[in-house]
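For reference, the structure is listed below as structure tokens.
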Amino acid sequence: MTTTRTRVAIVGAGPAGLLLSHLLEQAGIDSVVLDSRTRDEIEQTIRAGILEQGTVDILAEVGTTSRVHTTGHRHDGIELHFADEAHRIDFPSLTGRSVWLYPQHEVLIDLIAARLAAGQDLRFSTTVDSVEGVDTASPSLQGTDAEGQPFTIEAEFIVGADGSRSVVRPAVAGSATNGFFREYPFAWFGILCEAPPSSDELIYSNSANGFALISQRNETVQRMYFQCDPETDTAALSEEQIWDELQSRVPNTELKRGPIFQRDVLRFRSFVVKELRKGRAALVGDAAHTVPPTGAKGMNLAVADVILLNQALQALLLRNDERPLDRYAETAQKRIWKAQHFSWWMTSMLHLSPESTEFDQMRQLGELRSVVESEAGRTYLAEAYTGWPFQTEL
Ligand code: PHB
């Protein structure tokens, strides 16, 4: 059994865990980052693609390895389609901000390279089996490394940045399920295809056949989604059926078709854990909350948590001041619930629920019209989509 001592043990090498280890190192605080997945799995898993301006700014500061400004694309708006009409929401004129299309796995490639270059103790294929002593000043983790050998990490603080199936969550929240939870009666059928972009900006469409999102990756690869039943078998549709389904939902835009090389079904859930922190342990990112993908808030919300927890840990570990840590949960929850509301609102306004009546569908169109025809409505959407300013003081 090997034992490592560090100041902060971070479980999860996703955007939250890696960014936190970077920010802590800048403040002179060492950490160990553990992940049960291989480096390849982490760097190749396809996730969402939209970064808020604030997220881009902080990633760009991480160092020369960030390619967000060279490989990413700035988007100054989105299109909302409904009732055979197209409406553009212009972000800079409404909020002074934009968003960036830069897929999460690219962010992870950058962050992993930066952490390894800095000599970070970053361990892949490493599982955490138990979390102990969070009520003491010296909590610890027990796990199994990539060679199957048991190990212990003794730390001053433990962070659960290990996603929606977090192993740290029970130690903080009392159980894996102790939270506020909502499931949706639909999912997204996602594709990656080889084709040029069909539109300059992302299209979110409410159609009589259900929701579709026309997103992008780069000049030659596109990402698109259409609302489907959560039990849909991705192999059951031919490429032509997928294209016809997508096209029927964006009647105003001719989709440029091409070979589809990946298909997946994304389930829709909203979740917020009841306890974000207990003693010397805290949760960030998907370990603490899940949002449906419609508002593109997942990774951005993780970054917002990390910015706060970084402040709290610096106060605790550099100045022995616990007060910011005592404010972490309450402060983080305010933004989490705003993002939960926004993600739920975008979802409910754009999707066709199996229980929807004709009244509900007509009401949705009234709701969409009240957003796009009012500067206040467009501004509300643009502020949330581009991201509320990060709170950097606790
Ligand atoms: C994506 O490109 O994967 C994407 C974009 C916007 C969303 C969700 C996913 O709201």
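- A chain of hydrophobic side-chain contacts below 4.5 Å, direct or via other Ile, Leu, Val, Met, Phe, Trp or Tyr residues, connects Ile29 to Leu122.
- Annotation: Gln241, atom CD; neighbour count of heavy atoms from other residues, nucleotides and ligands within 6.0 Å is above 12.
- In this structure, Thr294 OG1 and Tyr184 OH are separated by 8.0 Å, a value rounded to the nearest 0.5 Å.
- Asn218 and Thr220 share a donor-acceptor pair across their side chains, judged by distance under 3.5 Å alone.
- Side-chain N or O atoms of Thr379 include none that pairs as donor or acceptor with a backbone N or O of Gly377 at under 3.5 Å.
- Gly17 approaches Val33 most closely through the heavy-atom pair O-CG2, 4.4 Å.
- Using the six-membered ring where Trp is involved, Trp345 and Phe342 have ring planes that are tilted, between 30° and 60° apart.
- The ring pair (Phe, Tyr, Trp, His ring centres under 6.0 Å) search around Phe181 returns none, not counting sequence neighbours.
- Arg280 places a side-chain N or O within donor-acceptor distance of the main-chain N or O of Glu156, the cut-off being under 3.5 Å.
- Between Pro324 and Glu322, the closest side-chain pair of non-hydrogen atoms is not below 4.5 Å.
- Contact annotation: the side chain of Val303 approaches that of Ile58 to within less than 4.5 Å [non-hydrogen atoms, C-beta and beyond].
- Ion pairing between a basic and an acidic side chain is recognised when a charged N comes within 4.0 Å of a carboxylate O; Arg67 and Asp110 show such pairing.
- Here Glu154 pairs with Arg5 in a salt bridge; the nearest charged N to carboxylate O distance falls below 4.0 Å.
- Using a 4.0 Å cut-off between a side-chain N of Lys or Arg and a carboxylate O of Asp or Glu, Arg277 and Asp326 qualify as a salt bridge.
- Side-chain atoms of Asp145 never come within 3.5 Å of backbone atoms of Phe151 as a donor-acceptor pair (strictly under, hydrogens ignored).
- Heavy-atom minimum distance, Asn252 versus Glu85: ND2-N, 3.5 Å.
- Side-chain contact, Asp90 with Ser93: a donor N or O sits under 3.5 Å from an acceptor N or O.
- Looking at His75 and His73, their side chains come closer than 4.5 Å, going by heavy atoms from C-beta outward.
- Here the CZ atom belonging to Arg267 is positioned 15.5 Å from the CH2 atom belonging to Trp188, to the nearest 0.5 angstrom.
- Here the options are Trp337, Trp344, Phe271, the test is ring pair (Phe, Tyr, Trp, His ring centres under 6.0 Å), and the partner is Phe180; only Trp337 passes.
- More than 12 heavy atoms of other residues, nucleotides or ligands lie within 6.0 Å of CG in Asp233, so this atom counts as buried by the packing criterion.
- Of the possible polar contacts, none joining the Ser356 side chain to the Leu352 backbone as a donor-acceptor pair under 3.5 Å is found.
- Ile153 places a side-chain heavy atom less than 4.5 Å from the side chain of Arg123.
- Two residues are said to be in side-chain contact when any heavy atoms from C-beta on lie closer than 4.5 Å; Tyr204 and Tyr385 meet this criterion.
- Glu393 CD: 12 or fewer foreign heavy atoms inside a 6.0 Å radius.
- Side-chain contact between Asn178 and Val273 is absent, with no heavy-atom pair separated by less than 4.5 Å.
- A salt bridge links Arg257 with Asp244: at least one charged nitrogen is closer than 4.0 Å to a carboxylate oxygen.
- Nearest heavy atom pair, residue Asn209 against residue Ser248, reads ND2-OG, 2.9 Å.
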Exercise for review: Report the C-alpha separation of Asp229 and Thr232 in whole Å, then their side-chain angles, then the decisive distance to 0.1 Å, and conclude whether the side-chain hydrogen bond (donor to acceptor under 3.5 Å, both in side chains) test is met.
Suggested key: CA-CA 5 Å; Asp229 185 281; Thr232 303; 4.8 Å; no
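- To the nearest 0.5 angstrom, Gln44 atom CD is 11.0 Å from Arg39 atom CZ.
- No donor-acceptor pair under 3.5 Å is formed between the side chain of Arg7 and the backbone N or O of Gly28.
- The distance from the CZ atom of Arg115 to the CG atom of Leu19 is 9.5 Å, given to the nearest 0.5 Å.
- Between Asp264 and Arg223, at least one side-chain nitrogen of the basic residue sits less than 4.0 Å from a carboxylate oxygen of the acidic one, meeting the salt-bridge criterion.
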**Study point:** side-chain contact (heavy atoms from CB on, under 4.5 Å) between Gln53 and Trp100, worked out
**Key:** CA-CA 7 Å; Gln53 185 72 55; Trp100 289 71; 3.9 Å; yes
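- Around the CZ atom of Arg182, the shell of radius 6.0 Å holds more than 12 heavy atoms that belong to other residues, nucleotides or ligands.
- Side-chain atoms of Asp76 do not come within 3.5 Å of backbone N or O of Phe91 as any donor-acceptor pair.
- Separation of atoms CD1 (Ile112) and NE2 (His105) is listed at 11.5 Å; rounding is to 0.5 Å.
- The backbone N or O of Phe211 sits less than 3.5 Å from a side-chain atom of Gln227, completing a donor-acceptor pair.
- Taking the charged nitrogens against the carboxylate oxygens, Lys278 and Asp135 do have a contact shorter than 4.0 Å, which makes a salt bridge.
- One distance of note links NZ of Lys256 with OG of Ser198; it measures 6.0 Å at 0.5 Å rounding.
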Practice item. May I have the step-by-step check of side-chain hydrogen bond (donor to acceptor under 3.5 Å, both in side chains) for Glu383 and Thr95, ending in yes or no? Key: CA-CA 6 Å; Glu383 279 179 350; Thr95 66; over 6 Å; no
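- Other residues sharing the hydrophobic cluster of Phe261, ordered by chain and number and joined by side-chain separations under 4.5 Å: Ile46, Leu192, Val221.
- No donor-acceptor pair closer than 3.5 Å links the side chain of Ser374 to the backbone N or O of Val371.
- Applying salt bridge (charged side-chain N to carboxylate O under 4.0 Å, His left out) to Glu52 and the options Lys297, Arg97, Arg74 leaves one that passes, Lys297.
- Under the 4.5 Å side-chain criterion, counting only non-hydrogen atoms from C-beta, Val168 is not in contact with Val134.
- Of the possible donor and acceptor atoms, one in the side chain of Gln311 sits under 3.5 Å from a partner among the backbone N and O of Thr392.
- Of the possible donor and acceptor atoms, one in the side chain of Gln364 sits under 3.5 Å from a partner among the backbone N and O of Ser348.
- In this structure, Trp243 has no ring pair (Phe, Tyr, Trp, His ring centres under 6.0 Å) partners at least two apart in sequence or on a different chain.
- Within the 4.5 Å cutoff, the side chain of Thr126 has no heavy atoms near those of the Thr144 side chain.
- Between Leu108 and Gly14, the shortest heavy-atom distance links the atoms CD2-C, 3.5 Å.
- Note on Ile109 and Leu18: separate hydrophobic clusters, where clusters join Ile, Leu, Val, Met, Phe, Trp and Tyr whose side-chain heavy atoms are under 4.5 Å apart, directly or indirectly.
- Taking the six-membered ring wherever Trp is involved, the centroid distance between the rings of Phe186 and His351 falls below 6.0 Å.
- Judged purely by distance below 3.5 Å, without hydrogens or angles, the side chains of Asp286 and Ser164 never pair a donor atom with an acceptor atom.
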Check your understanding: Does the side-chain contact (heavy atoms from CB on, under 4.5 Å) test come out yes or no for Leu365 and Asn206, once each step is laid out?
Key -> CA-CA 8 Å; Leu365 299 182; Asn206 167 311; 4.0 Å; yes
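- Taking both residues in full, the closest heavy atoms of Arg263 and Thr234 are given as NH1-O, 2.7 Å, listed atom of the first, atom of the second, then distance.
- In this structure, Arg363 fails the cation-pi test against Phe359, since its NZ or CZ atom is not both closer than 6.0 Å to the six-membered ring centre and inside 45 degrees of the ring normal.
- Between Glu201 and Gln216, the shortest heavy-atom distance links the atoms N-NE2, 3.8 Å.
- Ring centroid separation for the pair Tyr102 and His69 does not come in under the 6.0 Å cut-off.
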